Amino acid sequence: METTTEIAFQIILFAGNGKSNVMEAIQEAKKGDFAEADRLVEEAGEELGKAHSYQTQLLQKEANGEESLINVMLIHSQDHLMTAMTVRDLAIEIIEIYRNK
């Protein structure tokens with residue numbers, strides 16, 4: 001069984017991958033390569049889904065009455081995930097602006 005800190009590191013990893021993908025997708029949209037931008041957004045969604053899956057593990061443990069260690073690493077991981085999800089949502093809008101230019 002993974003510790004809370006190990007799960008936090010997984011959340012950070014996958015959220016970071018997702019955020020990097022959407023930032024790259026914006027750059028591809030700037031160049032007019034919308035197929036690649038769309039592919040990167042899709043890949044970002046998969047990475048963020050993995051991060052969310054780890055987050056769900058923690059939520060399920062807590063819902064089952066298991067106490068979770070709340071440490072700075074876990075809080076940091078949640079910041080990463082929420083920021084990455086927000087960046088993805090904004091990137092989708094930015095890509096659409098470039099696409100409709």
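Remember, it's a predicted structure, so these values are computed and weren't measured experimentally. Values below: all heavy atoms of this structure, side chains included; hydrogens, waters and symmetry mates excluded.
Rounding to the nearest 0.5 Å gives a distance of 11.0 Å between NE2 of His80 and CD of Gln78. With values rounded to the nearest 0.5 angstrom, Lys19 atom NZ is found 10.0 Å from Thr86 atom OG1. Distance CD1/Ile97 to CD1/Ile92: 12.5 Å, rounded to 0.5 Å.
Cluster partners of Leu40: none. The rule joins Ile, Leu, Val, Met, Phe, Trp and Tyr whenever side-chain heavy atoms lie under 4.5 Å apart, and it links nothing here.
The nearest pair of heavy atoms linking Ala15 to Ala84 is O-CB, 3.4 Å. Of all the heavy atoms in Ala29 and Ala37, the pair that sits closest is N-CB, 4.0 Å. In this structure, Ser77 and Ala8 approach most closely via the heavy-atom pair CB-O, 3.3 Å.
Cluster membership for Met85 and Leu58, using ILVMFWY side-chain heavy atoms within less than 4.5 angstrom, is shared. Both Leu48 and Ile11 belong to a single network of hydrophobic side chains, linked directly or stepwise wherever heavy atoms of I, L, V, M, F, W or Y lie under 4.5 Å apart. Under the 4.5 Å side-chain heavy-atom criterion for ILVMFWY residues, a single connected hydrophobic cluster contains both Met82 and Tyr54.
Side chains of Gln10 and Glu2 form a contact here, defined as non-hydrogen atoms less than 4.5 Å apart.
Using a cutoff of 4.0 Å between basic side-chain nitrogens and carboxylate oxygens, Lys50 and Glu46 are not scored as salt-bridged. The residues Glu42 and Arg39 are annotated as not salt-bridged, no charged nitrogen and carboxylate oxygen being separated by less than 4.0 angstrom.
Residues forming a side chain to side chain contact (heavy atoms under 4.5 Å, CB included) with Asn71 (at least two apart in sequence, or on another chain): Thr5, Leu69, Met73, Leu74.
The environment of CD1 in Ile70 is sparse: at most 12 heavy-atom neighbours from other residues, nucleotides or ligands sit within 6.0 Å. Within a 6.0 Å radius of CZ in Phe9, no more than 12 heavy atoms belonging to other residues, nucleotides or ligands are found. More than 12 heavy atoms of other residues, nucleotides or ligands sit less than 6.0 Å from atom CD of Glu96.
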Quick one, Ile12 with His76, criterion side-chain contact (heavy atoms from CB on, under 4.5 Å). Give me CA distance, side-chain angles, the key distance, then yes/no. CA-CA 8 Å; Ile12 291 167; His76 182 62; 3.5 Å; yes
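No donor-acceptor distance shorter than 3.5 angstrom exists from the side chain of Ser53 to the backbone of Gly49, with no hydrogens or angles considered.
Here the rule is side-chain contact (heavy atoms from CB on, under 4.5 Å) with Tyr98, and of Ile95, Asn100, Ile94 only Ile94 fits it.
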